[in-house]
Each structure stands twice: as C-alpha cells, then as structure tokens.
Amino acid sequence: MEFIVLSKKREEIIDITKEVRAAVKKLYVEYKKKICNKDIAACLVYVPHTTCAIIINENYDSDVHVDILEHLGKMVPVGIGKHAEGNSDAHIKSSLLGQNQVIPIENGELQLGRWQGIALAEFDGPRERKVIVKIL
Ligand code: ZN
C-alpha cells in the first residue's frame with residue numbers, strides 16, 4: 001500500500017502518522033481475512049527516494065521539527081559537495097536519517113509512544129513523494 005505526500009518547501013518535516021495508521025488498519029484487516037489469522041508483528045514505512053527520509057520523533061511540539069532541520073542544516077550545509085545536481089546536502093541528510101522505519105504492531109495498532117509520530121523529512125522539495133507501507 002502506498003500514498004503520496006506533496007512537500008511545499010525545500011526542507012520540511014511532514015507528519016504522516018495519520019496516513020500510516022490508516023494504511024496499517026486497512027492492511028491489518030486484509031491480512032487477517034485473506035492471509036493468516038496470526039497477529040502481525042510490525043510494519044515498514046519506506047520512501048523510494050534519495051533526498052528525503054522517514055523519521056520517528058515528537059510530533060506534539062512543532063519546534064522539535066524546526067530544531068531537527070536547523071541543526072541538520074548546520075551539520076550539513078546547503079551548497080557543499082561535488083555532486084553536479086547541487087543537492088549533496090539533501091542526499092547526505094537523507095542517508096543520515098534513513099529511508100525507512102519499522103514500527104511494532106499490536107492488535108492492528110501502531111505501538112508508538114505517547115509523544116512519537118511518524119514523519120517524512122523533506123530535504124529537496126517541493127516534490128511529490130511516495131510513501132510505501134508494508135506489513136511484516
Ligand atoms: Zn542529486
């Protein structure tokens with residue numbers, strides 16, 4: 001199952017917890033009905049892209065996302081690198097954070113902590129991003 005995220009800025013963190021939760025609920029029902037009555041252990045949330053990432057972190061205070069972008073920007077500034085496209089910083093930030101997360105599932109529910117949310121971290125937007133959700 002997949003869904004599309006449209007980023008609006010070059011760098012932004014977009015909460016996708018609601019979309020992932022809805023995808024997992026749908027996949028969980030299909031899996032139980034058609035494949036196996038055993039409980040599902042986890043889900044994979046993955047982006048098939050090289051300049052964005054999937055992260056799990058606090059989604060309650062939006063300043064957390066602001067701080068993540070600001071300090072990643074200090075570690076890996078825009079304009080560095082040899083890559084001809086000029087977006088080396090975005091490739092490096094994507095590699096540092098990773099293109100996927102695995103989240104445990106219990107009775108069809110994501111086992112996220114009270115303050116945790118799933119987000120797509122964009123480093124080379126605005127772009128259309130595909131997010132793939134698979135049951136494991
Ligand atoms: Zn590039």
Side-chain angles (χ1 to χ4, degrees):
M1 176 167 288
E2 59 191 52
F3 60 87
I4 298 295
V5 174
L6 299 172
S7 60
K8 295 182 184 74
K9 300 178 193 167
R10 183 171 194 271
E11 292 195 345
E12 66 180 312
I13 295 180
I14 303 163
D15 194 308
I16 57 168
T17 310
K18 220 167 43 177
E19 290 85 350
V20 172
R21 196 168 270 138
V24 165
K25 275 204 168 40
K26 200 169 173 197
L27 289 168
Y28 183 79
V29 170
E30 285 174 16
Y31 181 90
K32 285 275 202 187
K33 222 188 275 178
K34 295 180 188 162
I35 301 165
C36 178
N37 203 29
K38 277 190 194 159
D39 207 20
I40 292 163
C43 79
L44 170 75
V45 183
Y46 169 81
V47 277
H49 304 291
T50 60
T51 54
C52 66
I54 296 293
I55 63 170
I56 295 176
N57 214 297
E58 177 172 335
N59 66 352
Y60 183 75
D61 178 3
S62 59
D63 279 345
V64 172
H65 290 170
V66 172
D67 290 345
I68 289 170
L69 291 179
E70 187 185 323
H71 290 275
L72 276 172
K74 286 178 187 166
M75 287 166 56
V76 189
V78 176
I80 63 157
K82 295 183 172 72
H83 178 44
E85 233 182 353
N87 61 352
S88 288
D89 69 300
H91 289 288
I92 293 166
K93 290 165 188 163
S94 169
S95 293
L96 285 173
L97 301 184
Q99 281 91 29
N100 67 83
Q101 295 287 337
V102 174
I103 302 127
I105 296 173
E106 190 78 45
N107 298 319
E109 297 290 335
L110 294 171
Q111 296 301 288
L112 290 171
R114 181 175 178 191
W115 306 108
Q116 285 182 319
I118 307 161
L120 183 145
E122 175 65 79
F123 298 113
D124 199 24
R127 284 176 191 255
E128 182 177 302
R129 300 300 196 176
K130 183 194 288 185
V131 179
I132 297 172
V133 180
K134 293 276 185 194
I135 292 296
L136 304 176

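Remember, it's 1-based here, ligands and their atoms both numbered in the order they're listed.
A salt bridge does not link Asp15 to Lys18: none of the charged side-chain nitrogens sits closer than 4.0 Å to a carboxylate oxygen. Between Arg129 and Glu122, at least one side-chain N (NZ, or NE/NH1/NH2) sits under 4.0 Å from a carboxylate O, which counts as a salt bridge.
Of all protein atoms, those of element N, O or S that lie under 2.8 Å from the Zn ion (ligand 1) number 4.
How far CE of Met75 is from CD1 of Ile92: 10.0 Å, rounded to the nearest 0.5 Å. The distance from the CD1 atom of Ile54 to the CD1 atom of Ile103 is 8.5 Å, given to the nearest 0.5 Å.
Counting heavy atoms from C-beta outward, Leu97 and Phe123 have side chains that approach closer than 4.5 Å.
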Give the C-alpha distance, both sets of side-chain angles, the deciding distance and a yes or no for salt bridge (Lys or Arg N to Asp or Glu O under 4.0 Å) between Lys74 and Glu70. CA-CA 7 Å; Lys74 286 178 187 166; Glu70 187 185 323; 3.4 Å; yes
